[in-house]
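Keep in mind the model is a prediction, meaning the values are calculated, not measured.
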Amino acid sequence: MTATLALKPTDDTALAPLENEGRLLNPLLKAATSKPGRVGFRGELALRFAPKLADEARPPELLCAQAMAIANVGEKHLPFFAGYLLSFEYLKDVAETLGDSLSAGGKYFLFCNNIDLSKKYQVPYKGALFYVLPIDESTVYNELLDLFYLEKNDLKKKDTAGKLDAIADAALKFDITFDTITYAEGLELMGPVRNPNENRPV
């Protein structure tokens, strides 16, 4: 009797390498969406792993939180990715983690906690163009709704996959331009990195 391996939703998509490396964590969604041939992910993207001690699996050293992405079956590039970073500096880690799944035509949005709240940038890196935006005590989901002029009430009736489809479709049409800066210029402009544990009850 031959055992057949169950196919994962991410197989034959640009998410497959990330899944195989164990980077797609805590998923709210990791499944086919309502769009034929499209797979969606919402969760956390592991950027740097901690060294393994014996068989103990340790949490990643660095995450891109509130990550959202879509991938199309049979295509090697991610059309859309968004996520939250404590520091602009970690854009480099996101680009290196996503690697060959990035493309010049993709729409990639990073909300960074330590950039000026009044600024929005475009940052070319590794052949892709990242939209770098501030996050003001909100969530990536809410920030994207505001950016794309999507009404929260219109999406309320949709399931998680349907909400991601609506956001991704709006992202793919997004063509507003912001000031373009280099990664090095962004490092000079960014503010201090906030301690994510501050002001939390002990």
Side-chain angles (χ1 to χ4, degrees), residues 5-50 59-112 121-133 140-141 143-144 147-148 160-161 163-175 177-178 180 182-183 186:
L5 289 172
L7 285 174
K8 297 174 186 166
T10 52
D11 285 350
D12 198 24
T13 74
L15 290 169
L18 303 172
E19 170 77 343
N20 295 339
E21 291 166 9
R23 294 184 183 275
L24 303 181
L25 304 179
N26 302 320
L28 287 171
L29 175 76
K30 189 167 61 176
T33 72
S34 54
K35 294 286 177 96
R38 177 187 283 180
V39 173
F41 172 73
R42 273 187 75 177
E44 295 178 323
L45 177 69
L47 301 176
R48 286 186 218 152
F49 290 110
E61 288 183 343
L62 185 63
L63 286 168
C64 178
Q66 302 180 47
M68 300 183 195
I70 58 162
N72 296 316
V73 173
E75 294 181 12
K76 65 178 186 176
H77 295 129
L78 292 173
F80 162 72
F81 178 86
Y84 167 80
L85 296 173
L86 259 181
S87 175
F88 170 84
E89 179 185 358
Y90 304 144
L91 179 151
K92 176 183 175 185
D93 295 88
V94 171
E96 288 176 353
T97 298
L98 296 180
D100 293 338
S101 68
L102 295 172
S103 74
K107 301 288 184 170
Y108 310 121
F109 301 82
L110 293 175
F111 292 86
C112 301
Y121 300 111
Q122 287 173 269
V123 182
Y125 200 90
K126 281 196 173 287
L129 194 63
F130 289 88
Y131 294 94
V132 174
L133 307 110
V140 168
Y141 179 81
E143 295 281 5
L144 288 172
L147 186 65
F148 302 148
T160 303
K163 288 172 181 161
L164 180 57
D165 274 332
I167 287 172
D169 289 342
L172 298 180
K173 295 176 192 160
F174 189 76
D175 61 358
T177 56
F178 305 127
T180 299
T182 65
Y183 176 70

Requested in this report: Output, in order, the C-alpha distance, side-chain angles, deciding distance and verdict of side chain to side chain contact (heavy atoms under 4.5 Å, CB included) for Arg42 and Tyr141.
Outcome: CA-CA 10 Å; Arg42 273 187 75 177; Tyr141 179 81; 3.9 Å; yes
**Report entry** Spatial distance of atom CG (Leu28) from atom OG1 (Thr160) [nearest 0.5 Å]
**Finding:** 6.5 Å
Report task. Taking the side chain as every heavy atom from C-beta outward, state whether Met68 and Leu144 have any pair of such atoms under 4.5 Å apart. Result -> yes
Report task. Could you please spell out the steps behind the side chain to side chain contact (heavy atoms under 4.5 Å, CB included) verdict for Leu24 and Leu45? Result -> CA-CA 5 Å; Leu24 303 181; Leu45 177 69; 4.1 Å; yes
Report task. Specify the closest pair of heavy atoms between Pro9 and Val39, including all atoms of both residues, with the distance to one decimal. Result -> O-CG2, 3.2 Å
Query raised in the report: Looking only at atom types and distance, does a side-chain atom of Lys107 sit under 3.5 Å from a main-chain N or O of Phe174, one as donor and one as acceptor?
Result: yes
Query raised in the report: Do the non-hydrogen side-chain atoms of Leu18 and Thr10 ever get within less than 4.5 Å of each other?
Result: no
Report task. Just do the side chain to side chain contact (heavy atoms under 4.5 Å, CB included) check on Lys92 and Tyr125 with the steps written out, would you? Result -> CA-CA 8 Å; Lys92 176 183 175 185; Tyr125 200 90; 3.1 Å; yes
Query raised in the report: Closest heavy-atom contact between Ile167 and Phe148?
Result: O-CE1, 3.7 Å
Query raised in the report: Looking at Phe111 versus Tyr84, is the centre-to-centre ring distance below 6.0 Å?
Result: no
Report task. Grab the two heavy atoms, one from Ala69 and one from Phe81, that are nearest each other, plus how far apart they are. Result -> CB-CD1, 3.8 Å
Query raised in the report: Should Thr177 and Gln122 count as side-chain neighbours, where that means a heavy-atom distance under 4.5 Å?
Result: yes
Requested in this report: Answer yes or no: is there a donor N or O on one side and an acceptor on the other, between the side chain of Asp93 and the main chain of Leu62, under 3.5 Å?
Outcome: no
Query - Thr13 and Asn72, any side-chain heavy atoms less than 4.5 Å apart - result: no
Query raised in the report: Any idea which heavy atoms bring Pro59 and Ala50 closest together, and the distance?
Result: O-CB, 3.5 Å
Report summary line: Value for CG (Asp165) from CZ (Phe80), rounded to nearest 0.5 Å, stands at 10.5 Å
Query raised in the report: Considering only heavy atoms from C-beta outward, does the side chain of Tyr90 approach that of Cys64 to under 4.5 Å?
Result: no
Query raised in the report: Which distance, rounded to the nearest 0.5 Å, do you find between the CG of Leu91 and the CG of Leu110?
Result: 5.0 Å
Requested in this report: State whether the side chain of Asp169 and the backbone N or O of Ala166 hold a donor-acceptor pair below 3.5 Å, judged by distance alone.
Outcome: no
Query raised in the report: Does any non-hydrogen side-chain atom of Leu133 lie less than 4.5 Å from one of Cys112?
Result: no
Query raised in the report: Can you tell me if Gln66 uses its side chain to pair, donor with acceptor, with the backbone of Val140 under 3.5 Å?
Result: yes
Report task. Please confirm whether the backbone N or O of Ala95 pairs with a side-chain atom of Tyr108, one donor and one acceptor, at under 3.5 Å? Result -> no
Query raised in the report: Is it true that Lys76 and Asp100 make a salt bridge, defined as a side-chain N closer than 4.0 Å to a carboxylate O?
Result: no
Requested in this report: Could you tell me whether Glu44 and Arg23 make a salt bridge, using a distance below 4.0 angstrom between a side-chain N and a carboxylate O?
Outcome: no
Query raised in the report: Is there side-chain contact between Ile70 and Leu78, with heavy atoms separated by less than 4.5 Å?
Result: no
Query - Criterion side chain to side chain contact (heavy atoms under 4.5 Å, CB included) on Val73 and Asp11, from CA distance to verdict - result: CA-CA 8 Å; Val73 173; Asp11 285 350; over 6 Å; no
Query raised in the report: Is a side-chain N or O of Ser103 found less than 3.5 angstrom from the main chain of Gly106, in a donor-acceptor match?
Result: yes
Query - Nearest atoms (heavy-atom pairs only) where Arg38 meets Leu172 - result: NH2-CD1, 4.1 Å
Query - Heavy-atom closest contact (Ala14 atom, Ser101 atom, distance) - result: CB-CB, 4.0 Å
Query raised in the report: Which distance, rounded to the nearest 0.5 Å, do you find between the CD of Glu96 and the NZ of Lys126?
Result: 5.0 Å
Query raised in the report: With under 30° as parallel and over 60° as perpendicular, where do the rings of Phe109 and Tyr131 fit, or are they tilted in between?
Result: parallel
Query raised in the report: Is any side-chain heavy atom of Phe88 closer than 4.5 Å to a side-chain heavy atom of Val132?
Result: yes
